[in-house]
Structure formats: C-alpha cells, structure tokens
Amino acid sequence: MRKPGISLVAVLAALLLPTQAQAVTGWHVVGSDNARPLDESQGLATVTRDGSTQYRYTGVGTIPSDLLVRGWNHVGDPGASQGWYVEPYQRDDRGGKLYRVQSPSGTWSNYTHALESWEANNNSFAAVSPDARWLVTGEWGTMDRLLVLPMPGVAATDPSKNLPYAAAVRLDHQVRDVQGCDFVNATQLLCSSDDPDGSLFGTTKPLLQVDLSAPVGSGDVTGHVTSLGQLPLQSSCSGSFEVEGLDYYEPDGTLRVVVMSPGVCVGIDSKTYRFRR
C-alpha cells in the first residue's frame with residue numbers, strides 16, 4: 001500500500017534531484033548527444049569556414065598513424081578560431097609537445113614545442129585566442145598556471161623551428177586536472193576539470209570560469225578562477241566518471257562538454273552535454 005503523503009509528483013521530483021544538484025551556475029543543460037569512446041572521448045572544437053560549421057571531435061581513434069608511430073600517443077581537447085584548428089599531442093617521454101594545425105585553407109602542419117625545464121609533458125588542451133594570435137595550453141595535475149604560446153601558423157610560421165613558450169596565465173586559485181579550456185571572449189575562459197578530489201572548490205568535476213586581467217599576449221596575465229559547480233554525472237553505471245574537453249560556440253552561445261561514463265557504460269551512455277546561459 002502506498003504511504004500517505006507520497007504522490008507521483010514527489011517521486012518524480014526525487015528522481016530529478018541528481019540533475020538539479022549538478023546544475024552549474026549561470027548555465028542550464030539544453031540537450032546531449034552520445035559520445036563515442038574511440039573518436040569523441042577527448043574533446044571537441046567548432047570550426048567555421050566560408051559560412052559553414054563543423055564539429056571536430058578527438059579521441060584515440062582520431063590520432064593519425066604517422067604521428068602514432070612517432071610516439072605521439074595521446075591527443076587532447078582541440079581548439080579553433082578564425083578558421084584555424086589545432087590538435088594538441090603528447091608522448092610518454094619528455095620529447096616535447098606537438099600541435100597539429102590546419103589553416104583556414106585546409107593545409108596541415110605540425111609544430112613542436114620543446115619543454116621548459118619546469119614544464120610538465122602533459123598536453124591536455126589547445127585554446128585559440130579570439131584573434132587567433134595566441135594559443136593557451138594546460139598541464140595535468142594541480143597547477144597555478146596556464147601556458148601561452150604564439151599561435152602556430154599565424155604568429156609562428158615555420159614548423160621546422162621550436163614553438164616557444166611566450167607567457168603564462170597566473171591563476172589566483174589552484175586548479176586540478178583541467179581537461180579543456182575555450183575562450184568565451186578575449187578576457188574570459190571556461191575550463192572543464194576532471195578533479196576527482198573536490199578539496200579545491202568543494203566539489204569534484206567542476207566547470208571553471210577564468211577571468212583574465214587582460215587579453216593573453218607576450219606577457220603574463222592574472223586569471224581569477226571561479227567554480228561554477230559540478231558538471232553532470234549521469235549514467236546507468238556507478239563509478240568514476242571522466243570529464244573531458246569542452247567547446248564554446250560564440251554565434252549561438254552554446255557550451256559543449258564531454259563526460260565519459262564509468263566502466264562498461266563508457267560505450268553506452270557517455271555524453272556531450274549542451275548548455276546555454
């Protein structure tokens with residue numbers, strides 16, 4: 001027998017509580033798409049050229065064979081701006097970082113960045129500044145910085161030369177395991193964090209907003225970090241989710257974030273969530 005006071009509305013409300021608890025400040029989920037583990041599991045970028053728009057995803061299955069045999073065995077979250085598209089790669093040794101760049105005309109080039117002595121070899125993401133002059137990248141682990149490089153193909157035009165370190169975004173709050181960042185405008189980034197601990201911002205797997213003291217360039221700038229709350233963690237399986245890369249598409253204001261499901265559900269109900277303000 002149903003207990004007094006429990007209605008169908010109450011039951012439905014209880015089922016919706018996990019979704020409500022995972023809402024991020026200032027954004028709401030407007031939909032989602034399945035994310036395939038082989039070729040959509042690392043991140044995505046929106047590329048606009050000649051009036052047409054493409055959504056580019058990366059995953060282990062998208063790594064070109066010529067890069068794979070040379071040791072570049074991990075691809076991160078790509079970035080795009082002004083028709084330029086960049087994929088970040090890393091390897092297991094300290095052999096540097098590689099950026100695979102496609103120009104607005106469709107030509108591909110590979111640029112290599114030699115690591116600074118203090119720099120981690122992880123190459124989690126590539127975020128191209130709105131003017132396509134600078135590239136912001138990030139390292140795995142607990143960090144108080146993002147790295148700024150001259151944009152390959154634009155500010156640095158010779159693939160045979162080292163792509164040098166230019167500056168840093170000095171964060172006023174540590175971040176952990178940032179998987180992707182993208183520019184909202186010249187002085188604001190949104191970043192997805194796979195933080196499994198939760199001690200930095202009071203929640204695991206947060207969406208972070210980084211407000212810059214000035215547009216990125218050849219000198220350091222300060223980044224004010226705010227957690228907007230936990231990203232959606234919804235699956236038929238229980239266990240550890242993995243928050244991956246993200247993309248912000250300015251023309252329609254859509255934010256997309258990839259979240260991979262735990263265990264066997266990684267191939268069943270992993271999602272690319274779509275958000276709007």
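Below, each value reflects all heavy atoms present in this structure, side chains not excepted, and no hydrogens, waters or symmetry copies.
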Would you say that [X] contacts [Y] through its side chain, given a criterion of any heavy-atom pair below 4.5 Å between the two side chains?
X: L212; Y: F183; value: yes
X: I268; Y: S236; value: no
X: V169; Y: T222; value: no
X: S109; Y: S103; value: no
X: M143; Y: V178; value: no
X: Y57; Y: D39; value: no
X: D182; Y: L189; value: no
X: L208; Y: F201; value: yes

Could I get the full list of ring pair (Phe, Tyr, Trp, His ring centres under 6.0 Å) partners for Y248, not counting sequence neighbours?
->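 Partners of Y248 under the ring pair (Phe, Tyr, Trp, His ring centres under 6.0 Å) test: none.
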Residues forming a ring pair (Phe, Tyr, Trp, His ring centres under 6.0 Å) with Y249, sequence neighbours excluded |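 Checked Y249 against ring pair (Phe, Tyr, Trp, His ring centres under 6.0 Å); zero matches.
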Look at the side chain of [X] and the backbone N and O of [Y], then say whether any donor-acceptor pair between them is shorter than 3.5 Å.
X: N185; Y: T187; answer: yes
X: H224; Y: H173; answer: no
X: S81; Y: S129; answer: yes
X: K205; Y: T203; answer: no
X: S261; Y: D269; answer: yes
X: T58; Y: G76; answer: yes
X: N123; Y: Y89; answer: yes
X: H28; Y: R276; answer: yes
X: Q82; Y: P130; answer: yes
X: S41; Y: L38; answer: no

Sorted by first residue and then second, give each disulfide (SG to SG under 2.5 Å) pair with at least one member in residues 41-72; sequence neighbours left out.
->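 Non-adjacent pairs meeting disulfide (SG to SG under 2.5 Å): zero.
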For V175 and S193, run side chain to side chain contact (heavy atoms under 4.5 Å, CB included): C-alpha distance rounded to whole Å, both residues' side-chain angles, the deciding distance at 0.1 Å, then the answer.
-> CA-CA 8 Å; V175 297; S193 167; 5.9 Å; no
May I ask you to check whether Y165 and W118 place their ring centres under 6.0 Å from each other?
->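 Judged by ring-centre distance (under 6.0 Å), W118 and Y165 do meet the cut-off.
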Do [X] and [Y] get their side chains close enough for a donor-acceptor pair, meaning under 3.5 Å?
X: D92; Y: N73; result: yes
X: E40; Y: T272; result: no
X: R145; Y: Q174; result: no

Does the pair N122 and E139 meet the rule for a side chain to side chain donor-acceptor pair (under 3.5 Å), with working shown?
-> CA-CA 5 Å; N122 311 101; E139 305 153 284; over 6 Å; no
Those residues that, when tested against E242, pass side-chain hydrogen bond (donor to acceptor under 3.5 Å, both in side chains) (two or more places apart) =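 E242 satisfies side-chain hydrogen bond (donor to acceptor under 3.5 Å, both in side chains) with Q179 once adjacent residues are dropped.
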With sequence neighbours excluded, residues passing side-chain hydrogen bond (donor to acceptor under 3.5 Å, both in side chains) with D220 =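 Partners of D220 by the side-chain hydrogen bond (donor to acceptor under 3.5 Å, both in side chains) criterion, ordered by chain and then number, come out as R170.
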Side chain to side chain donor-acceptor pair (under 3.5 Å) evaluation trace for S160 with D158 | CA-CA 5 Å; S160 68; D158 188 347; 2.6 Å; yes
Qualifying residue for side-chain contact (heavy atoms from CB on, under 4.5 Å) with V101, from V86, L163, N110 |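 Result: among V86, L163, N110, V86 is the only option passing the side-chain contact (heavy atoms from CB on, under 4.5 Å) with V101.
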If Ile, Leu, Val, Met, Phe, Trp and Tyr residues are connected whenever their side-chain heavy atoms lie under 4.5 Å apart, and connections chain through other members, are F275 and V258 in the same group?
->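 Shared cluster, no.
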Looking at [Y] and [X], is there a salt bridge between them, counting it only when a charged N and a carboxylate O are closer than 4.0 Å?
X: R176; Y: D197; value: yes
X: D33; Y: R274; value: yes
X: D131; Y: R133; value: no

Going through the distances and angles, do M151 and W134 end up as a side chain to side chain contact (heavy atoms under 4.5 Å, CB included)?
-> CA-CA 4 Å; M151 174 62 189; W134 302 97; 5.5 Å; no
Non-hydrogen atoms of [X] and [Y] that approach each other most closely:
X: D195; Y: P206; value: CB-CD, 4.1 Å
X: P232; Y: V259; value: O-CG1, 3.6 Å
X: A114; Y: N162; value: N-OD1, 2.6 Å

What salt bridge (Lys or Arg N to Asp or Glu O under 4.0 Å) pairs are there with at least one residue in residues 96-125, not counting sequence neighbours?
->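 Those involving residues 96-125 are E87-R100, K97-E119.
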Working to the nearest 0.5 Å, report the span between OG1 of T46 and CG of D252.
->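 If I round to the nearest 0.5 Å, the distance is 8.0 Å.
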